[in-house]
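Below, chains carry the letters A, B, ... as their sequence lines are ordered, and counting in each starts from 1.
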Amino acid sequence: DIKIAHVYGKTGPFEAYAKQSHDGLMLGLEYATGGTMEVNGEKIVVIEKDTQLKPENGKALLEEAYGDDEVDLAIGPVSSGVALAMLPVAEEYEKLLIVEPAVADSITGSNWNRYIFRTSRNSSQDAVASAIALAGDNVHIATLAQDYAFGRDGIAAFREALAAQGHEIVHEEFAPTDTTDFTAAGERIFNAMKDLEGEKKLFIIWAGGGNPWAKINAMDPSRFGIEFAGVGNILAALKGFKDFAGMEGGTYYYYELPDNPVNDWLVKTHFERFDSPPDFFTAGGMAAGIAAVEAIKKAGSTDTEALITAMEGMEWETPKGTMQFRAEDHQALQPMYHFKLRVEDDVEWAIPELVRELSIDDLPIPVRN
Amino acid sequence: MIRTLLSGDLPRSRVLALLLAVILICLAFAPFLFPGVRTVDTAARICIFIVLVASYDLLLGYGGIVSFAHTMFFGMGAYGVALTSTHMGRGFDALAIGSITGAALAAVLALLIGLFSLRVRAIFFAMITLAVASAVAVLVSQLSGLTGGEDGLTFKIPRELGPAFKFGKETFDGALFGVKLNGKLLTYYLIFGGSALLFLALLRVVNSPFGRVLQAIRENDFRAEAIGYKVVYYRVTATCLSAAIAALSGSLYAIWLRYVGPDTTLSMTIMIDILLMVVIGGMGTIYGAVIGATLFVLAQNYLQNLMSVLSGMTEGWPLLPELLSPDRWLLWLGVLFILSVYFFPSGVVGRLRGQR
Amino acid sequence: MSDLAQTGTTGDPILRIEGIYTNIAQYHILQGVDLHVPRGGVTMLLGRNGVGKTTTLRSVIGHWRAHRGRILFDGDDITRIPTANIARAGLGFVPEDMGIFADLTVEENMVLAAVSGPIDPARLDWIFQAFPPLKTFWTSEAGNLSGGQKQMLSIARAMIEERKLYLIDEPTKGLAPAIISTMARALKDLKDQGASILMVEQNFAVAKALGDTANVMDDGRVIWSGEMAELAGDPTLQERLMGLSMEAK
Amino acid sequence: MTAPLLTTDDLTVRFGGHVAVDAVTCAFHAGELTAIVGPNGAGKTTYFNLISGQIPASAGRVTLNGQDISTASVSTRTKAGIGRAFQMTNLFPDLTVLENVRLVVQAKAGRGFNLWSMVTGHADLIDQAEDILARVRLLEERNQIVSELSHGNQRKLEVALLIALDPLIYMFDEPTAGMSVDEAPVVLDLIADLKAQSDRTVLLVEHKMDVIRTLADRIIVLHNGALAADGAPAEVMASDIVQEAYMGRGLEGVLDHV
Amino acid sequence: MSTAPEHSPTMARSSVTDRLAPYAPLMLVPVLAIAGLIAVQNPASWLTLTVSGLAMGMMIFLMASGLTLVFGLMDVINFGHGAFVSVGAFIGISVLLTLGHLTNAPSLGLNLLAILAAVLAAMAATAVMGWAFERVIVKPVYGNHLSQILVTMGGLIIAEQLIIVLWGPEEIYFTRPEALKGALTFGDAAIEKYRLVTVGVGLAVFAAMRFVLRRTKIGLIVRAGVQNGEMVAALGYRLRLVFIGVFIAGSALAGLGGVMWGLYQEVITAHMGNQAMILIFIVVIIGGLGSVEGCFIGALLVGLLQNYIAFVEPKLALVSNIALMVAILMWRPMGMIPVVKAK
Ligand SMILES: Nc1ncnc2c1ncn2[C@@H]1O[C@H](COP(=O)(O)OP(=O)(O)OP(=O)(O)O)[C@@H](O)[C@H]1O
Ligand SMILES: Nc1ncnc2c1ncn2[C@@H]1O[C@H](COP(=O)(O)OP(=O)(O)OP(=O)(O)O)[C@@H](O)[C@H]1O
Ligand SMILES: [Mg+2]
Ligand SMILES: [Mg+2]
């Protein structure tokens, strides 16, 4: 048998993401094996392990997977903190870990080792895509993000990407991660922007609760001609954006954006099985599943070294079109989407409409390992 | 001999003595009785949490002081080892210096907080520790250059303590009872031995005249002062001692994990876990820590497995499989808490010793 | 022991305790207490420390529960009904530890004690006359009162409304002589209004002056009951029952 | 006359506007038993509280053996030799009777900060504690949990703790309240013994006149917080202030007539 | 009858500061607002910040009021309070979502009607839940703080998990009723319409609670019952019933707070109540355990201070609440308006 461990935070605040990720993974394996769940004549067995979003658990469970269960490779986890704790385990056991969907840059950056591959996008990819989508002459951009490493890194990447286009941010606002009242942040941003001429956009990166868009929107930023911008989000979150028709930004996935056979199959199958469209992390999980199968096929075995050789530079088809593992840092390069929100009465959420697909070549993602 | 080792505080219940003996034997021979990465990992965590919980019980159960900063001290020990190992390079000297500095700093910080707040009143201490602990957590997250922020630090410990180090090739052919003789095994016994020593030391402290004064202060601090005990000094001393031991257990944890992060050592969740372990085991008895930590860590690790079995068995019933799904393990942990407080208000140990 | 019926008061007793056994945890404290409180009189319950006097009163009000025997109040069996209902049936209780609500003011303590409505001002005046400090400290926190003032408050709480029977546990401890006298007066007034009183008392002088009938307990049982005057007039009996050696004042 | 052991100078405390102890100046000598009487709420317990340091004085000084201890903490004063028993029973309720006394003996011996020896190793402390329990006739109850004692026995234990402390100044606040007539003498005899020990001073708050008459060398009267009389028992008892405010003039006979 | 001798304790005049002390907390709110004006400088921003801060304070008060009631009166530390907030939000929002025809209409009256229905449903549900909580979870641990912390935490976990079982793990996003979207503007200052609603509800609840606690014996019975339940029973009160009643009231208030908070956040999760708990605890503690007035003032202070600090120096916003708590506890260790002498 080929054993694959899925080590991820099934319980805890990211439970919803976890479920999508796992459904996606199973669909990916199914799709890539043509429904047989077999590669090279061997059955694929998936072992699930719940980190409860705790790094120490992630570490112990991955050790268990490699050491006791003797899996051939592992996939996961949801949270970046857990992922970072797991990276050295892969090196120690000399086995592969495909990171999905944790996003921290450092996973394929400063903390990377050669047993790590990542199918999910990293924060830079989000930032660069948004920068390309938003930048323009006579466009003034202010940012709002959480005041901790991820928020600051995200804005830094965004700033860099903007600079590459020859633009800069007019005001950077950081608020504590647990902020619930954004009046002060809003006022500071308004005060910084109200006297500017031209298009004004407020770019928000915010993970988790707080919902800054709705709160700042309630302060009527249109008085000052300020529009919202942001990165894409899961469907549940898009339900809160029905007041934001016209908002633009860069996104990772929305089921109507890509146009390829894999995505068609995914959307169709997902509707059949779950009576709902696939979401962000479903697509990611599927990409990881397909990557695993393709790699094993290509390597002809589950030997780690053979797999690494096979995967470096490997191109494979995913719901987002063709992805490619960059040889230098094992990050999956992938297309991103420039979207604009559209609202329809009979759709529960705001619909990200495709403005432009940003291909791998359009996106200069820095190598940082 | 055993009496002296246990500082004259015998289990005083046959069932309890039996339970403790079983736990001791399981922990002492864990790598041989339950070979497997996960099980040994669980055993090591149990050892560490026993010490951590016991040190908290010194404060809560004996001193009657509620602190929300215990994980902060735990974290100081852990980060001590992580930082020295990162900056001094891997080595035993880094481990020793890290542990000792961590413990010393924890004691000093505890002294400051204690002198500042315990003078006023005990409830003030709870508030201040809550405030300081959350401030430190924010600080750790903000100083990401030094501490690794939310991501934490991954570091290397001496090679002798890693799985790559093998020994006993000639005499035992590299394995004893089928267990590979490697650095991982050594680390386990380092953790086990360290925990056992710290535990016995705590047992001695609570059974010393000092420990009895703490109990008296918990019962009636007003009267303790009126018979000539300077209550603040005793409380502050207990706080420092408890902080230092918590830090040492944190160091052991860091050595075991080779990783520290805010979620692993500083989070409020762990603080609450500690509280639960103290209460489940039984407050005001150091043996409670053994029982509480063991039960809790086992539940945390294996409840899910049990549930997936049960869930499979109830397939087809209405709602039950949903409730028994392993993803709902927290639900049942909650139920367990409530039941344990219901049926063991004085903890498992209190119950076994025949108190209310 | 059965000579209770001829104690001079008429009718059947307001409270009948029939052979109650009360355990506290594993200790057998009361072992068959028989006691009758006649209507309209002061019944004393005497005995050394620790013989079960307080436990008897607590068993009546329902703080401890007798597991054998019966307690009849005004003809109704109250052995098993909730404490609040026992109290509402017309019992006033002054516990040994005074049961002051320390964080409430004197006023709030009294307001609470007036269960059936607002305080009757006339009755309050009467109480103020007996216990003047309560008036002075009407709005102070009861926890800050002196020991004796707390005792006054505790008694005053029981007296604020008319009750059929008062259970009073050592009311005079800690009271200055002048206050003891006025308190005795107040209790006498109560009696004159037709109330019955069951009182535990260590001060024999007070017991002698107030008591109509007396019961002496030892070791969880009532070992003697009869007229107070009989006990007061017989020092050898006192010596035998209670170890009284000091001349009562 | 020898220098007094304890003096209070203009000792005053105010609660809000209420002057509970009003400029009390008084000296107490070794070998003397002073009874403090006064109506309920006169400030007797509060006066004790000021001497032992439970509450800070608003004004005035307390000196022990010539040393000003007005600002010292409770435990410091206790160690210096001021000991008291409380009017409201104040013990360690969940510990045993023996442990209560043992803790006091241990404090007296200064061994509280011993972190590394076993309690059972200090057998001498346990012996001392048992001696004291025998003196107050509580030895049989030594392993009982305090909260399970009857009221009278708790009062005895309260006295035992003070005796275990063996201070220079003994302060008793209504030690026999709630004690039965056959038990009270045990405590009163102990107090009489203390008086006989000529280097100790005893202060006694008591409402029972017969007790005061048999024991006191001197009586001071507090009234509305102020020192109203001070002198030999017979003389003070006969004074107007005591007769009127304390005994209640015109009420003497009430008890006999109700 | 002869009267006891008259004793009149000696009284001295109390100083001005002594007599003003009880009113000091009341002054803090205006003082803080003025300090805010000096720090913020821009009057339009100040107005926006102040009104929104006060409204935020009202919402915190709504969520905290039930806790302070239960905490203060019954001496029960309910760590599960957050669960009631969450459940209230889920029930209330579910009701709102089914009343789409009322919420989507641009009529304030219809919108408020929908909210009223949501609030009533949420309060009813949390009241029932409170009753069950009290019976099963809290009853055995009266008087024991530590056990309370633990069992109620167990209750919290169970409630959160049940929400997930019933509503699924995803957060639920939605938008406010039509008439409550957006803001009223005065020059450059903007005041959110929804916040005005919360101010109204907050004031109403505050007034109602004060009335019940001041004008009825319930408050007294419960406070006395916590100190000495036996004695309250011996006076003739069925303490159990009163306790259950208070607990139910506290739970229903949490449910109300949950609906209001959910409507503010426009997204609800099973953990939302618990996430608000630290803030709630801070408010309850600085107010003085059990003091409704203190809780009210404390909530307003927290709301205002948070906004001013976040505007003037966002970095400090992280610690502003904790700093406020420490400062107030140093000034008054029992909280601003201490009611119950907590051990
Ligand atoms: N909570 C308790 N647990 C165990 N035993 C108790 C408890 N309360 C009282 N006792 C025991 O019950 C016996 C009777 O106590 P009770 O208080 O009724 O005596 P009493 O006659 O009122 O004495 P006193 O005059 O001292 O108040 C005593 O021996 C006492 O030790
Ligand atoms: N902490 C306090 N706050 C306010 N008032 C107080 C405080 N302590 C005592 N008092 C008041 O001071 C006065 C004196 O009380 P104290 O306890 O000293 O009286 P006492 O002489 O011991 O009376 P008793 O004989 O009744 O015990 C009382 O009126 C009391 O209400
Ligand atoms: Mg009694
Ligand atoms: Mg007194």
Side-chain angles (χ1 to χ4, degrees), chain B residues 60-61 64 66 68 116-117 119-128 130-135 137-139 141-142 220-222 268-269 272-273 275-280 283-284 319 322-325 327-347 356, chain E residues 77 79-80 83 133 136-141 143-166 168-169 270-271 274-275 277-278 281-282 285-286 289 315-319 321-330 332-335 341-343:
Chain B
L60 182 69
V66 180
F68 288 105
F116 175 69
S117 56
R119 283 186 176 283
V120 192
R121 45 185 304 137
I123 192 164
F124 208 57
F125 187 77
M127 305 301 158
I128 297 282
L130 187 66
V132 173
S134 54
V138 169
L139 203 67
S141 147
Q142 301 262 313
N220 189 344
D221 52 354
F222 176 82
M268 206 55 200
T269 332
I272 288 164
D273 290 351
L275 262 170
L276 291 170
M277 289 186 239
V278 169
V279 171
I280 291 174
M283 275 200 318
L319 204 64
E322 174 82 355
L323 288 175
L324 284 172
S325 132
D327 297 353
R328 294 282 81 77
W329 76 282
L330 274 172
L331 178 72
W332 296 101
L333 196 63
V335 172
L336 276 186
F337 287 169
I338 292 177
L339 290 182
S340 66
V341 178
Y342 240 125
F343 292 109
F344 308 113
S346 55
R356 260 172 305 153
Chain E
I77 299 185
F79 267 67
F133 217 74
V136 181
I137 294 183
V138 183
K139 188 176 152 200
V141 293
N144 182 345
H145 280 172
L146 205 72
S147 299
Q148 285 165 6
I149 294 179
L150 295 164
V151 280
T152 53
M153 205 119 69
L156 168 80
I157 295 174
I158 294 177
E160 283 187 351
Q161 292 292 310
L162 288 177
I163 290 179
I164 294 178
V165 171
L166 292 175
H271 310 290
N274 196 34
Q275 278 156 1
M277 277 313 276
I278 291 229
F281 269 128
I282 290 180
I285 287 164
I286 63 177
L289 311 181
K315 270 268 171 209
L316 293 181
L318 275 172
V319 291
N321 290 331
I322 290 171
L324 178 70
M325 178 170 86
V326 173
I328 289 198
L329 288 185
M330 307 253 296
R332 289 195 174 172
M334 307 287 299
K341 278 206 192 111
K343 271 249 179 77

Check: Contact part of Leu60(B) toward chain E, heavy-atom cut-off under 4.5 Å: side chain, backbone, both or neither?
Finding: side chain

Item checked: Ile164(E), part contacting chain B, at a heavy-atom distance under 4.5 Å ->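 For Ile164(E), the contact with chain B is made by the side chain alone.
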
Next item on the list: Can you tell which part of Lys315(E) gets under 4.5 Å to a heavy atom of chain B, answering side chain, backbone, both or neither?
Entry: side chain

Note to self: Run the side-chain contact (heavy atoms from CB on, under 4.5 Å) test against Ile158(E) and tell me which residues pass, sequence neighbours left out.
What the structure shows: Leu331(B), Val335(B), Ile338(B), Leu162(E)

